[in-house]
Colleague: 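Just passing along the structure, written as structure tokens.
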Amino acid sequence: MRDGPAAGLALVDTILDRGDLADYHLAHSARADLCRRLGRTAEARTSYQRALELARQEPERRFLERRLRELPVQ
């Protein structure tokens, strides 16, 4: 966060592109949040949906579902 959401998104994308953490819901959730902060709603929605597919705990699933609902409709 020190360098802003664009720098964070670049780092997360690098990690995901390498395949590291590709099946870790929190990596996709972090990516979604960074996209949301940058106004990249479609990408945020896709990443939240991927995180939701991977999440196993009900509280995490509810959080991700709420985040999806909060995104503006485009």
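Residue numbers start at 1 and run along the sequence shown. Note that the structure is predicted; figures quoted are calculated from it, not measured.
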Colleague: If you take all heavy atoms of Ser29 and Leu64, which pair is closest and at what distance?
Modeller: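 Smallest heavy-atom distance, with atoms named: OG-CD2, 3.6 Å.
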Colleague: Consider side chain to side chain contact (heavy atoms under 4.5 Å, CB included). Of Glu53, Arg61, Glu60, which one does His25 pass it with?
Modeller: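 The residue from Glu53, Arg61, Glu60 that satisfies side chain to side chain contact (heavy atoms under 4.5 Å, CB included) with His25 turns out to be Glu60.
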Colleague: Atom OH of Tyr48 and atom CZ of Arg69: how far apart are they, to the nearest 0.5 Å?
Modeller: 12.5 Å
Colleague: In this structure, which one of Arg37, Arg36, Arg31, Arg50 forms a salt bridge (charged side-chain N to carboxylate O under 4.0 Å, His left out) with Glu43?
Modeller: Arg31
Colleague: Evaluate side chain to side chain contact (heavy atoms under 4.5 Å, CB included) for Leu52 paired with Arg67, printing each intermediate quantity in order.
Modeller: CA-CA 10 Å; Leu52 186 57; Arg67 285 297 199 170; over 6 Å; no
Colleague: Which heavy atom of Gly8 sits nearest a heavy atom of Leu34, and at what distance?
Modeller: C-CD1, 3.5 Å
Colleague: For Ala22, does its backbone N or O pair with a side-chain atom of His28 as donor and acceptor, under 3.5 Å?
Modeller: yes
Colleague: If you measure from CG on Leu9 to CG on Asp3, what distance do you get to the nearest 0.5 Å?
Modeller: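 Going from the CG atom of Leu9 to the CG atom of Asp3 covers 13.0 Å.
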Colleague: Checking the side chain of Arg62 only, and the main-chain atoms of Gln57 only, is there a donor and an acceptor separated by less than 3.5 Å?
Modeller: no
Colleague: Does one hydrophobic cluster hold both Phe63 and Leu54, with members joined at side-chain heavy-atom distances below 4.5 Å?
Modeller: no
Colleague: Could you pull out the closest heavy-atom pair between Leu21 and Leu16, with the gap in Å?
Modeller: O-CD2, 3.7 Å
Colleague: Nearest heavy-atom pair of Thr41 and Pro72: which atoms, and what distance?
Modeller: CG2-O, 3.4 Å
